[in-house]
There are 2 protein chains.
Amino acid sequence: MVPCKKCRTAHNVVKAGFVRGKQRLFCKTCELHFTVSLPQHEEPKAARQTTIVDVARALGVAPSTVSRALNGSTDINSFTRQEILRVATEMDYRPNLLAQSLHRGETHTIGVVIPDIERPFFAGVLAGIQKVATEAGYRVMICQSNESHSTETLNVQALVASRVDGLLISHSKETTSFEHIKLQLKKGLPIVHFDRVCDEVDTAKVVQEDFEGSFALVEHLIGQGCRRIAVCAGPRELLISSARLQGYKAALEKHGIELDESLIYHSHFKKGEPLLALEKWLALDARPDGIFAVHYANAIEIMVELKKRNFQIPQEVAIVGFGDELIAELIEPSLTVFHLFPFAMGEAAASLLIDNIIHRDTFMASTQKMRGELRIRQSSLRS
Amino acid sequence: MVPCKKCRTAHNVVKAGFVRGKQRLFCKTCELHFTVSLPQHEEPKAARQTTIVDVARALGVAPSTVSRALNGSTDINSFTRQEILRVATEMDYRPNLLAQSLHRGETHTIGVVIPDIERPFFAGVLAGIQKVATEAGYRVMICQSNESHSTETLNVQALVASRVDGLLISHSKETTSFEHIKLQLKKGLPIVHFDRVCDEVDTAKVVQEDFEGSFALVEHLIGQGCRRIAVCAGPRELLISSARLQGYKAALEKHGIELDESLIYHSHFKKGEPLLALEKWLALDARPDGIFAVHYANAIEIMVELKKRNFQIPQEVAIVGFGDELIAELIEPSLTVFHLFPFAMGEAAASLLIDNIIHRDTFMASTQKMRGELRIRQSSLRS
DNA sequence: TTATCTATCGAAAACGTTTTCGGAAACGCC
DNA sequence: GGCGTTTCCGAAAACGTTTTCGATAGATAA
């Protein structure tokens, strides 16, 4: 019935069970097992991208020769090269980056993990990263941790699985353990921290003037006559929070103002939270005459609430915040801030990372501090 | 001197030139060319990721068997599977996504092209895209066109070169030719447009209520007694601009207000530009008593300028804008807007795309319109 | 027994590159 | 003409998977 695939005759072919739903046969002459494949209505095979092999075949040369022509190797006749390049463009050849990456062991892609892409600060950083990366021929893959430690860990794993050449990360505020970072670092993955860095590992870092900025803001408040300055601090776990709190304390100390723990409130950058702090402060016998929020958004929230309650700003309470956005300038009164340059931070971080990737062995981890600017506006100017 | 690589004797070996800097030799007995490679101080070979082959070797099975165990094939003994899984986790095996993608011809990655990541609207869309994509097991690669047509084209090419499985795109305002899109579409790449769509091609689209929202805003102004309503329109080239302008015109027409071309100004969403429009309008004999900006940021700019000049808002001039941000709520007077839901738009677009990718042949392109909301605030409320 | 069947596995091809190594031919020089 | 040289190119391996196809052993049915 069914002819053997080898001897083409059917007289010694017997059935031999089933495999994966198909009838199996055995030719006793050839001692060959085989299955009958139905004529299989041949698919029109959606037009593939042309490959190096296609180009080679079209010219009657070897794939390796085409590769040589494309990659500017010297080991090739210039006429041959020109012909190959001509045909390649003619056939609209585009190298398959996957195959290239697989072979070369590098993807020319960098991974970025940020807490929240919707925060203007991080969006700005991203834009800076994109710019530098693109110019250097790198692609960018972005993940959001949504301020969750477990998501952050998953993000890192996903990026590593995609074989990114390096990692840029700003930790979630939940993150207190850095095993996921240490693991990759041990495997040799270049990693650069920015903004919310981690001091447990030896990576290059880009940070803000957290201490200096806070110091400047608080000193400015003192200069305006404030003596009871409350602070809406950040999550205790974050390094940037404590650095900013240190700046606050240092400014007080310099000017001989005693620290009052009841004026310190640790928030989590969450909406509504600063109002709890405010409630607490307003209930004090001695109310604060100045408020410093380590996140400008918190400052704005507090200011809006104070305005609602008819407080005079800055006369009764002066307000300043860390970080800046258009809104801080447009709100009334406009908010005194320590202005940051997120775009520049992104550029710096990406530059460091790419440096680290390229000079993997000689690269020395360093910490770069981005300049910020004290921008004095109406919310604190008592003159 | 130097022994032949084959016969191991040196007595018939002669020099035969140089290749790539290395001495070349020829053994006349074996008729063999070969080069002498210096003992090459063996590199310690930076610890590779463990592969499927490593796992296979550790267990004495074939790589295909390991693959089967990992992929839940039925063609494997359950004990074997367990052993393989055990050893795989023990050796911390992670599949190489590059190799998988190369083989399967799909990357489980989607590409996104947006004009500007720093615009809160697009950041919101991105967040929505990320959420849906991640849940569906897709990674996201983002590019910015910076409102440049050529950059946009390069972005698309780069993403295609990275072999993304599909494309989400919101066009730059420069883009009037869509050849780069048509080309990829012809090659069978699933593409979904959002916000700034293009009606020349048959793709699935997600749009805002551009017409309806504008209509509602302008009708609201009319309801507040405005009769000379100026419009700060968008770039002529963008579909969303003309849709919004149509909404404006339709509202006027419905209420029997004659269209006055001198009240229409086409801006490019650029900072400072709306002020030129304002200048023009204030120079008119009959000044506008209402202003509609098709971009809320323009509305805010205009409002800030009018306040500087001591205009009464909304009494002398009422202002409304398309789109929303926290700043619109906090500025004084707060701005009446047509509120959008960028996150939801991102979710919808990503869902459509993934649908398109999975059901490539049966997928039918459709246009989905996102609901918006008229949010009436102080800048237009005269009562 | 013998013919068939099932369960389980390995070998090898394939995905699209790049790179290594050697072969063929032509060239130069005594 | 013999020797050393250079130029240009092809074959094949490698990157890490998945998939196809056939092989084998034991089980079952005839």
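Throughout, a chain's letter reflects where its sequence line sits, starting with A, and its residues are numbered from 1. Side-chain atoms are counted along with the backbone in the values below, which use heavy atoms only and exclude waters and symmetry mates.
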Original post:
Counting only side-chain N and O atoms of A:S64, is one of them less than 4.0 Å from OP1 or OP2 of D:dG10?
Top reply: no
Subject >> Euclidean distance, atom CD1 of residue B:I76 to atom P of C:dG10 [Å, nearest integer] >> reply: 9 Å
Original post:
Side chain of A:A62: nearest nucleotide among C:dA11, C:dT18, D:dA11?
Top reply: D:dA11
Original post:
Checking only heavy atoms, does the side chain of B:N96 share a donor-acceptor pair with the base of D:dC15 at less than 3.5 Å?
Top reply: no
Subject >> Options D:dG10, C:dT18, C:dT8, nucleotide nearest the side-chain atoms of B:D75 >> reply: C:dT8
**OP:** Identify whether any heavy atom of A:R68 sits under 4.0 Å from a base atom; if not, whether one sits that close to sugar-phosphate; answer base, sugar-phosphate or nothing.
**Re:** base
**OP:** Output, in order, the C-alpha distance, side-chain angles, deciding distance and verdict of side-chain hydrogen bond (donor to acceptor under 3.5 Å, both in side chains) for B:S101 and B:R163.
**Re:** CA-CA 9 Å; B:S101 298; B:R163 296 296 197 272; over 6 Å; no
Subject >> Side-chain N,O (B:N77) to OP1/OP2 (C:dT8) below 4.0 Å >> reply: yes
Subject >> Atom pair distance, as rounded to whole Å: CD in B:Q49 and P in D:dT17 >> reply: 9 Å
Original post:
D:dT18 phosphate, OP1 or OP2: any side-chain N/O from B:N71 under 4.0 angstrom?
Top reply: yes
Subject >> End-to-end axis angle, where each axis spans five pairs of the helix from C:dT1-D:dA30 to C:dC30-D:dG1, to 10° >> reply: 60°
**OP:** Taking only the side-chain nitrogens and oxygens of A:T65, find out if one of them lies under 4.0 Å from OP1 or OP2 of D:dG10.
**Re:** yes
Subject >> Residue-level proximity of residues 78-89 of chain A to DNA chain D when a heavy atom falls under 4.0 Å >> reply: A:T80
Original post:
Which nucleotide sits closest to the side chain of B:I52: D:dT18, C:dA11, D:dG10?
Top reply: D:dT18
Original post:
Given atom CD of B:E106 and atom P of D:dT18, what is their separation to the nearest angstrom?
Top reply: 12 Å
Original post:
Where do B:H171 and B:H149 land on the ring pair (Phe, Tyr, Trp, His ring centres under 6.0 Å) test, with the steps shown first?
Top reply: CA-CA 8 Å; B:H171 286 294; B:H149 175 68; 8.4 Å; no
Subject >> Protein-nucleotide distance (B:H108, atom NE2; D:dT17, atom P), rounded to Å >> reply: 17 Å
Original post:
So do the side chains of A:Q130 and B:I142 get within less than 4.5 Å of each other, counting heavy atoms only?
Top reply: yes
Subject >> B:S67 side chain near D:dT17 phosphate (N/O to OP1/OP2, under 4.0 Å) >> reply: no
**OP:** Using a 4.0 Å heavy-atom cut-off across all strands, classify A:R163 as base, sugar-phosphate, or nothing.
**Re:** nothing
Original post:
Can B:D355 and B:F363 be said to form a side-chain contact (heavy atoms from CB on, under 4.5 Å), step by step?
Top reply: CA-CA 7 Å; B:D355 227 52; B:F363 182 79; 4.0 Å; yes
Original post:
In terms of side-chain heavy atoms, does A:T175 have a donor or acceptor partner in A:S172 at a distance below 3.5 Å?
Top reply: yes
Subject >> Gap between atoms CZ and C1', on B:R57 and D:dT17 respectively (whole Å) >> reply: 15 Å
Original post:
Nearest-Å distance, NE2 (B:H103) to P (D:dC15)?
Top reply: 18 Å
Original post:
Taking atom P of D:dT18 as reference, at what distance in whole Å does atom CG of B:L70 sit?
Top reply: 7 Å
Original post:
Closer than 4.0 Å, any side-chain N/O of B:Q100 to the OP1 or OP2 of D:dT18?
Top reply: yes
**OP:** Enumerate the residue pairs fulfilling salt bridge (charged side-chain N to carboxylate O under 4.0 Å, His left out) with a member in residues 49-63 of chain A, sequence neighbours excluded, ordered by first and then second residue.
**Re:** A:R48-A:D54, A:D54-A:R57
Subject >> Check: B:P63 main-chain N/O paired with B:S67 side-chain donor or acceptor under 3.5 Å >> reply: no
Original post:
Do B:D165 side-chain atoms and B:T107 backbone N/O form a donor-acceptor pair below 3.5 Å?
Top reply: yes
Original post:
With a 4.0 Å cut-off, would you call B:D92 and A:K187 a salt bridge?
Top reply: yes
Original post:
Is there a donor-acceptor contact under 3.5 Å from the side chain of A:Q144 to the main chain of A:I117?
Top reply: yes
**OP:** Would you mind reading off the distance between B:R104 atom CZ and C:dA13 atom P, rounded to a whole angstrom?
**Re:** 22 Å
Subject >> Given A:I169, A:V201, A:L353, the one that forms side-chain contact (heavy atoms from CB on, under 4.5 Å) with A:I191 >> reply: A:I169
**OP:** Report which part of the nucleic acid A:L102 touches: base, sugar-phosphate, or nothing (heavy-atom distance under 4.0 Å, all strands).
**Re:** base
